[in-house]
2 protein chains.
Amino acid sequence: MSLQHSLLVLLAEQPSSGYELSQKFKSGVGYFWKASHQQIYTQLKKLTEDGLIDFEEEQQEGKPDKKIYKVTAQGMAGLKTWLSSEIKPSKTNDALLVMIYGGRYVGDDVILKEVRRHRDIHQKGLEKLLAIESLYFNLDDELKPQYRLPYLTLKRGIRGEQSWLEWADEVIAELSPQ
Amino acid sequence: MSLQHSLLVLLAEQPSSGYELSQKFKSGVGYFWKASHQQIYTQLKKLTEDGLIDFEEEQQEGKPDKKIYKVTAQGMAGLKTWLSSEIKPSKTNDALLVMIYGGRYVGDDVILKEVRRHRDIHQKGLEKLLAIESLYFNLDDELKPQYRLPYLTLKRGIRGEQSWLEWADEVIAELSPQ
DNA sequence: ATCTCCATGTAATGTGTTACATGATTAA
DNA sequence: TTAATCATGTAACACATTACATGGAGAT
């Protein structure tokens, strides 16, 4: 149930609407936690019912009203409890690896094509992360300490993608006809 | 729904019982696809209903009977179709990174402790994978081609864990008091 | 006695995905 | 006029987790 904790972390940083949160899940935390807007809205409802967050409505012209959610004292206490708890290592369910593992039932070319397609996606992912990293590097030295921890998570993403790409290149070399 | 495909791949390799499959998910494919025995039994039931697999009962002495499942012609066709299809890149939902990202609300020591705990788990994971790799290296050269594709998936696991550990060491260095 | 391994499953609950639904604004 | 962005949600379905349930064999 870490989607709730992800939401609490984001809202503790900055009160936001559901829509804004769903945008943040496409960047920032989104590099290690994915959530659709449907999930976000239902979890915001639950968190509100449980008193961990509350909201104020903000009128807007020409656009639907926003509900700006923020973490309550109770929510902050809950977040701190979670931050001090043991969490289960994440499990990886990677269908591409299942495909490669069972690749003997089709030609190498079929697997190769799909690995290449994924390679492109990961390459683009890496580029995005590196762009964010350079923003961090260009930050004033006074501001850097604030982003120290998020930067460590960004580094995980970068290293992860680099490692993935190195592996993919090996696979591509192995499966390519001579 | 790649659990079904994982099961088909494993059963295409070797007809097995639900219990045996659940053991395989603790090693082999288990390094990139996790499934509990409850999931496995329900999916085996569904796959049987859909005619993609069937089973024969094997009597055993002193132990409950085994249902040995095997892939049908229809199942094999379905597997090949899947192997030739585009699959969505896997999403990572990593609660430890959420924790680090939001770590400013607790002390560095709290986060450090949890990172160290995970480091140990990943270290052990890597050792297991390296042990399997050395089995592969010691294989007769005639047998190696058979394990070519599974070996590529093993390599992903090894590289992934190595990259994870390198990152964890950086995090530990960053969070450790001087 | 207690625990782990073998071997199978159901039931309840929790989480995630896909599809459906609405409606205004702005840019191509 | 088509698509994208802003903004919110519900409903149906698929998938995963936890708890419950049984029962013998063998080891400590």
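Quick note: numbers below take in every heavy atom, side chains included, and nothing from hydrogens, waters or symmetry partners. We name chains A, B, ... by the order of the sequence lines, and we start the count at 1 in each one.
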>> Per the ring pair (Phe, Tyr, Trp, His ring centres under 6.0 Å) rule, what does the pair list look like for residues 72-99 of chain B, sequence neighbours excluded?
In response: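 Residue pairs with at least one partner in residues 72-99 of chain B: His5(B)-Trp82(B).
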Compile the donor-acceptor pairs under 3.5 Å between side chains in residues 129-140 of chain A and protein atoms, sequence neighbours left out, one pair per line.
unit_1, atom_1, unit_2, atom_2, d
Glu133(A), OE2, Tyr151(A), OH, 2.8
Ser134(A), OG, Ala131(A), O, 2.9
Asn138(A), ND2, Ser134(A), O, 3.1

Output one line per pair: protein atom, nucleotide atom from nucleotides 5-9 of chain C, and distance, for all N/O pairs under 3.5 Å.
unit_1, atom_1, unit_2, atom_2, d
dC6(C), OP2, Tyr19(B), OH, 2.6
dC6(C), O5', Tyr19(B), OH, 3.4
dA7(C), OP1, Gln60(B), OE1, 3.2
dA7(C), OP1, Gln60(B), NE2, 2.7
dT8(C), OP1, Lys67(B), N, 3.2
dT8(C), OP2, Tyr19(B), N, 2.6
dT8(C), OP2, Tyr41(B), OH, 2.9
dT8(C), O5', Tyr41(B), OH, 3.3
dT8(C), O4, His37(B), NE2, 3.2
dG9(C), OP1, Lys67(B), NZ, 2.4
dG9(C), O6, His37(B), NE2, 3.3

Tell me the interatomic distance from [X], atom [atom1], to [N], atom [atom2], rounded to whole angstroms.
X: Gln43(B); N: dA16(D); atom1: CD; atom2: C1'; value: 10 Å
X: Asn93(A); N: dT17(C); atom1: CG; atom2: C1'; value: 15 Å
X: Leu3(B); N: dT17(D); atom1: CG; atom2: C1'; value: 13 Å
X: Phe55(A); N: dA7(D); atom1: CZ; atom2: P; value: 16 Å

>> Can you list everything that forms a side-chain contact (heavy atoms from CB on, under 4.5 Å) with Thr42(B)? Sequence neighbours excluded, please.
In response: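 In terms of side-chain contact (heavy atoms from CB on, under 4.5 Å), with neighbours along the sequence ignored, Thr42(B) is linked to no residue.
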> Are OP1 or OP2 of dT17(C) and a side-chain N or O of Lys91(B) less than 4.0 angstrom apart?
Replying inline: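 Lys91(B) to dT17(C) OP1/OP2: side-chain N or O found under 4.0 Å.
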>> With a 4.0 Å cutoff (strictly under), does any side-chain N or O of Lys88(A) reach OP1 or OP2 of dA16(D)?
In response: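 No, outside the criterion.
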> Please walk me through it: do Leu175(A) and Asp109(A) pass side chain to side chain contact (heavy atoms under 4.5 Å, CB included)?
Replying inline: CA-CA 7 Å; Leu175(A) 296 181; Asp109(A) 55 318; over 6 Å; no
>> Run the salt bridge (Lys or Arg N to Asp or Glu O under 4.0 Å) test against Glu174(A) and tell me which residues pass, sequence neighbours left out.
In response: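 So Glu174(A) forms a salt bridge (Lys or Arg N to Asp or Glu O under 4.0 Å) with Arg148(B).
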>> According to salt bridge (charged side-chain N to carboxylate O under 4.0 Å, His left out), does anything in residues 73-92 of chain B pair up with another residue at least two apart or in another chain? List the pairs.
In response: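 Those involving residues 73-92 of chain B are Arg117(A)-Glu86(B).
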